[in-house]
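These notes concern the structure reproduced below.
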Amino acid sequence: MSQNHYRPRDIEDKWQARWLARNAFAADNGDARPKYYVLEMFPYPSGNFHMGHVRNYSIGDVVARVRRMQGFNVLHPMGWDAFGLPAENAAIKNRTHPAAWTYANIASMRAQLRRLGYSYDWSREIATCRPEYYRFEQLFFLRLLRKGLVYRKKAPQNWCPSCHTVLANEQVVDGLCWRCESRVTQKDLTQWFVKITAYGDELLNDLALLEEGWPERVIAMQRNWIGRSTGASVKFPLERPVGGAREIEVFTTRPDTLYGVTFMTLAPEHALAEPLAEACERAAEIRAFAERIRGMDRLDRQADTLEKEGVFTGAYALHPLTGERVPLWLGNFVLADYGTGAVMGVPAHDQRDFDFARKYRLPVRAVISPAGEPPASMEAAFTGEGRMVNSGRFDGMESAPGREAVARFLEEQGKGRAAVQFRLRDWNISRQRYWGAPIPVVYCDRCGLVPEREERLPVVLPLDVTTRHDGRSPLPGAEDFVNCLCPSCGGEARRETDTMDTFVESSWYFARYTDARNADAPFDERALRYWLPVDQYIGGVEHAILHLLYARFFTKALRDLGFFPPEISEPFARLLTQGMVLKDGGKMSKSRGNVVAPTEMMDRYGADTVRLFCLFAAPPERDFDWSDSGIEGSSRFLHRVWRLFAEEKGRILPLGACGAAAGDAINDDARDLRRKEHLAVKKAGEDMGRF
RNA sequence: GCGAGAGUGGCGGAACAGGCAGACGCACCGGACUUAGGCUCCGGCGGUUCACACCGUGGGGGUUCAACUCCCCCCUCUCGCACCA
C-alpha cells in the first residue's frame with residue numbers, strides 16, 4: 001500500500017523534523033555567495049494565523065527557496081511584533097498577564113509556522129517584547145533625543161477613548177482608530193514626538209529610488225501623505241496690534257495671486273481668534289461661531305458637503321504690497337494644523353475663497369489673466385496659470401516666474417519669503433498603555449526631565465503588575481517602577497510611564513535580523529553592509545503609509561546617528577503588496593462566521609496543498625476569493641503528481657543519466673521526459689523573473 | 001476632482017518582448033471502474049453551425065502581414081487621497 005498514496009502528513013512531518021534538527025535554512029553572515037534577503041512583514045502574535053498570513057508567507061517562502069536553488073545566500077527570518085494592545089485586552093478578559101498570553105501565543109504560532117513548512121532561519125527569531133530587543137530601541141530613543149529628533153510638546157492629540165491612548169496621525173483612518181474603529185477625539189496632552197518632518201524632503205525625494213521596485217500606488221500614497229507644497233509665506237501687518245501680535249503670517253502656493261487678496265481667513269482655533277473677538281463689539285457672536293466650529297465632530301467638519309461659513313472679526317490687516325485694508329474673518333474651512341492656520345483670501349483664483357466671497361459679498365479681484373482676455377464675469381474661480389494683471393510692478397509676468405519674483409520681492413522687503421509646507425506632521429510615539437517599551441526618561445524635581453543613562457539600559461518593563469479592568473495602564477501605580485533615582489543628581493525621581501508606540505519596534509526589526517543575537521550592540525556593521533537592504537519585502541497594502549513610512553524614516557535616522565552605514569538610505573529595495581484572501585466576496589471575520597482556519601485546512605489536505613492553493617488561486621498582488629472546491633483541485637493535483645512518480649518510479653532514470661556517459665542507452669520516452677522537465681524548470685525560472 | 005489598478009468562457013484566471021486567445025484549476029457534460037459514489041481515472045467543454053466556415057479579449061476608431069498586447073477617444077468597476085490654501 002501505500003507508497004502509491006500521497007500522504008502529506010507523513011511527508012511533511014519527516015522533512016520538517018529534519019529541517020528543524022539541522023536548522024537547514026540558517027543563513028551565513030560570512031558567505032561568499034551573492035546575498036538575497038527576503039522578508040515578510042512579521043506577525044502580531046494574536047494566537048492564530050489567518051489565510052492572509054499563509055498567503056503572505058507562502059509567497060515569501062517561494063522566493064526564498066527559488067533564490068537558494070539559484071545559488072544565493074538567502075536570509076529569510078521570522079519574528080514577532082509582540083508588544084501591543086490586544087495582549088492587554090486579552091489579559092483582562094482571560095485573567096492572565098499580557099506577557100504570559102503573548103509568549104504562549106508565540107509558542108503556538110511558531111509551531112503552526114513550522115507545520116506550514118516555511119524555510120526560516122529560526123536561529124535569528126526575535127520577539128520585540130523582550131528586553132534584549134527593546135533595550136536598543138531605548139538606546140535609539142536617547143540618541144534621537146540628544147540629537148533633537150525626539151522632543152516633548154503639549155498639543156491637541158488624537159485620542160482613542162476605547163483604547164485609552166493617543167494615536168499618531170497615520171493611525172487615524174477616516175477619523176476612526178485604525179485598530180478598533182472607534183471615533184477619535186481630541187485631547188490636549190504633553191507627549192513625546194519623533195521629528196519625522198525633519199526628513200520630509202528626503203522621504204519624498206528618495207521615493208525616486210523605489211520606482212523600480214515598489215508599486216506605484218504605494219509611492220503615490222506616500223507622496224500624498226508627505227504632501228510637500230512650495231510657495232511663499234507672507235506677513236500681513238495688523239492695522240492695530242491684537243493680543244500682542246503685530247502681524248499675521250500665511251502660507252500660499254500662489255504668491256503670483258497676492259494682488260488679488262481681498263480678505264483673510266483664520267481657523268477658529270487660531271491663537272488670535274479670541275483676542276480678535278475680545279477687541280470687537282460683536283465678541284459674543286464671534287466666540288459663539290468659533291466655539292461651535294471647534295466643537296464639531298472631526299468627521300462632520302471634514303465632510304465635503306460642509307458649507308463654508310465664517311464671521312467677520314471687525315479687524316483689518318494691511319496688504320503687504322499695496323497697504324490696502326484687508327478684513328479679517330474666521331472661517332470653518334481653514335485647517336488649524338496646516339501652515340499657519342490662516343490663509344489669504346483670493347476669491348478670483350481659489351474656489352474656496354470664491355465660494356466664501358460670494359456668500360459674504362466680498363470683492364473679487366482678478367489678477368491672473370488666462371491667455372490674454374480677462375473674463376467679463378466670473379462663475380467660478382480661475383485656478384489655472386496665466387499672465388499677471390492688476391499686480392503693480394509684476395504686471396505682464398507669467399504665473400510661474402511671477403511666483404518666484406513675488407517671493408523674492410517679499411523677502412527683500414522683509415515681508416515674507418519663499419517657503420515649503422508639509423502635510424506630514426511629527427510622529428507622536430507616546431502611548432498611555434502598559435504592554436510596550438518603556439520610554440527611558442525620568443522626571444526629577446531638582447533636575448527636571450533627565451534621560452536615563454545608556455549604561456543602565458534596558459529600563460525593564462515590570463512584569464509583576466496587575467492589569468486594570470478599566471483598560472488603563474497599571475504602570476503609573478507600579479511604585480517600584482515609577483520611583484527611581486535621578487541619573488543626574490541621584491535624588492528621588494519618577495519614571496516616565498508612557499510606553500512607545502509599537503510601530504517603533506517594527507521600524508528597525510528588519511535590521512536586527514542581520515545580527516539578531518548580538519548582546520553588545522543593536523547591529524554589526526559588516527552584517528548590515530552585507531545584508532541590507534531587504535531585497536524583497538512582502539506584506540499587506542494596509543501598511544502603505546504607517547509601517548513603511550516609519551521604517552523608511554528610521555533607516556535614515558539610524559544612518560545619521562551612525563548605527564547604519566552611510567550608504568544605506570532605504571530599507572526595502574523591492575516591495576510586493578499581496579492581495580487579501582476574501583470569502584464570499586468579503587473579508588473573513590468572526591462576526592460573519594466565514595473564517596477558514598489554516599490549521600483545519602492543513603488537517604484535511606496537508607500544508608503543501610494549502611500553500612499551493614494560496615499561490616495558485618490568483619496573482620500575488622490581487623485579492624482572491626477563498627473557494628472550498630478550489631482547494632480540492634490543488635489537493636488532486638498533488639495526488640496526481642505523487643501517483644505519477646510512484647507508478648513510474650522504476651522507469652524514471654536517475655538524475656544525470658541523460659549525460660554523455662549514458663549516451664545512446666536512453667530511449668525516446670526518457671529523452672522526451674527529460675526535455676519536458678527542463679522546459680518546466682525554464683518556465684518556472686522565467687515566471688519567477690520578476691523577483 | 002486627483003492618483004493608481006483592472007475589464008478575456010458559467011467562475012478564478014493564462015498568454016514572456018506584437019506571432020495558433022482561453023494554459024492550469026473550479027463548475028458542468030459524456031464515458032470507465034463500482035452494489036453505490038459524494039472517491040478515482042479517461043475524454044469533452046468560448047459563441048453560431050450537422051459540417052465547412054464565420055464571429056469572439058468592455059465600446060468605437062487607428063497603426064501593422066499580424067493586436068488581449070501598441071496609439072487616440074469613450075464606458076464601467078476597485079482601491080487610495082481629497083477644503084492641505
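Below, read A as the first sequence line, B as the second, and so on, with proteins coming before strands; counting in each chain starts at 1. Because only heavy atoms are used, hydrogens play no part in the values below, and waters and symmetry mates are left out as well, while side chains stay in. All values derive from a computational prediction rather than experimental measurement.
Separation of the P atoms belonging to B/G80 and B/G30 is 45 Å when rounded to the nearest angstrom. Atom C1' of B/C42 sits at a distance of 27 Å from the matching atom of B/A51, rounded to the whole Å. The separation of B/C26 from B/C71, taken at their P atoms, amounts to 37 Å, rounded to a whole angstrom. Going from the C1' atom of B/C11 to that of B/C2 covers 35 Å, rounded to whole Å. Rounded to whole Å, the P atom of B/A15 lies 16 Å from the corresponding atom of B/G25. With C1' as the reference atom, B/C45 and B/A67 are 27 Å apart, rounded to whole Å. When the P atom is compared between B/G10 and B/A4, the two are found 33 Å apart, to the nearest whole Å. Nucleotides B/C29 and B/G9 are separated by 15 Å at their C1' atoms, to the nearest Å.
The one candidate from A/Lys415, A/Lys235, A/Arg417 that meets the salt bridge (charged side-chain N to carboxylate O under 4.0 Å, His left out) condition with A/Glu249 is A/Arg417. Partner A/Val346 forms a side-chain contact (heavy atoms from CB on, under 4.5 Å) with one of A/Thr383, A/Thr252, A/Thr257 and no other, that one being A/Thr257.
Listed pair A/Arg636 / B/C26 meets the phosphate criterion, a side-chain N or O lying under 4.0 Å from OP1 or OP2. Between A/Arg423 and B/A82 there is a side-chain N or O to OP1 or OP2 distance below 4.0 Å. Regarding contacts with the backbone of B/A85, a side-chain N or O of A/Ser229 is found under 4.0 angstrom from either OP1 or OP2. For the OP1/OP2 pair of B/C24 and a distance below 4.0 Å, the side-chain nitrogens and oxygens of A/Arg640 include no atom meeting the criterion.
For the pair A/Met221 CE and B/C81 C1', the interatomic distance rounds to 8 Å; values are reported in whole Å. Nucleotide B/C83 holds its P atom 15 Å from the CD atom of A/Glu269, rounded to whole Å. Spacing between atom NE2 of A/His639 and atom P of B/U40 amounts to 8 Å, rounded to whole angstrom units. Per the geometry, CG belonging to A/Leu210 stands 17 Å off P belonging to B/A4, to the nearest Å. Rounded to a whole Å, the CG atom of A/Leu638 is 12 Å from the C1' atom of B/G25. In this entry the distance linking CZ of A/Arg622 with C1' of B/C79 reads 13 Å, nearest Å. B/A85 atom C1' lies 10 Å from atom CD of A/Gln421, rounded to whole Å. Between A/Phe613 atom CZ and B/G25 atom P the separation is 13 Å, expressed in whole Å.
Considering only side-chain atoms of A/Asp350, the nucleotide from B/A85, B/C26, B/A6 that sits closest is B/A85. The nucleotide whose nearest atom lies closest to any side-chain atom of A/Glu216 is, among B/G12, B/A27, B/A4, B/A4. Proximity note for A/Thr252 (side chain, C-beta onward) versus B/A85, B/C26, B/G13: the nearest is B/A85. Nearest to the side chain of A/Lys308, among B/C83, B/U40, B/G80, sits B/C83. Ranking B/A85, B/G25, B/A27 by closeness to the A/Tyr338 side chain, first place goes to B/A85. Here B/A85 is the nucleotide among B/G25, B/A4, B/A85 with the atom lying nearest to any side-chain atom of A/Leu335. Each of B/A85, B/A4, B/G80 was ranked by its minimum atom distance to the side chain of A/Arg217; first place goes to B/A4. Comparing atom distances between the A/Asn224 side chain and each of B/A85, B/C81, B/G25 picks out B/C81 as nearest. Out of B/G80, B/C26, B/G13, the shortest distance to the side chain of A/Pro619 is found at B/G13. The nucleotide whose nearest atom lies closest to any side-chain atom of A/Arg643 is, among B/U40, B/A4, B/A14, B/U40.
The partner of B/A53 is B/U48, by the rule that a Watson-Crick or G-U pair needs both atom distances under 3.5 Å. Shown here, B/G19 forms a base pair with B/C65; the pair counts as Watson-Crick or G-U wobble because both key distances fall under 3.5 Å. Using Watson-Crick or G-U wobble geometry with both donor-acceptor distances under 3.5 Å, B/A82 finds no partner in any strand shown. Under the Watson-Crick or G-U wobble criterion, with both distances below 3.5 Å, B/G5 is paired with B/C77. Across the strands present, B/G25 finds its partner in B/C11; the criterion is a Watson-Crick or G-U wobble pair with both atom distances under 3.5 angstrom. The pairing partner recorded for B/U40 is B/A32, the criterion being a Watson-Crick or G-U wobble arrangement whose two distances lie under 3.5 angstrom.
For B/G30, the base is anti relative to its sugar; the glycosidic angle deviates from 0 by more than 90°.
The closest side-chain donor-acceptor pair between A/Glu632 and A/Tyr605 falls under 3.5 angstrom. Checking A/Gln70 against A/Tyr36 by side-chain atom types alone, no donor-acceptor pair falls below 3.5 Å. Between A/Trp178 and A/Glu542, the side chains place no donor N or O within less than 3.5 Å of an acceptor N or O (distance only, hydrogens not considered). Side-chain N/O atoms of A/Asp188 and A/Gln157 include no donor and acceptor closer than 3.5 Å.
Residue-level contact check: A/Phe333 touches the bases, meaning some heavy atom is under 4.0 Å from a base atom. Residue-level contact check: A/Val541 touches neither bases nor backbone, having no heavy atom under 4.0 Å from any strand.
Using cut-offs of 30° and 60° for the angle between ring planes, the A/Phe382 and A/His349 rings count as perpendicular.
Heavy-atom minimum distance, A/Pro268 versus A/Val334: CD-O, 4.4 Å.
When the nearest nucleotides of RNA chain B are assigned to A/Ala342 and A/Ala220 by heavy-atom distance, the more 5′-ward of the two goes with A/Ala220. Comparing A/Phe637 and A/Gly339 along RNA chain B, the residue whose closest nucleotide (by nearest heavy atom) sits nearer the 5' end is A/Phe637.
Residues A/Arg552 and A/Pro571 meet the side-chain proximity criterion, which asks for heavy atoms closer than 4.5 Å.
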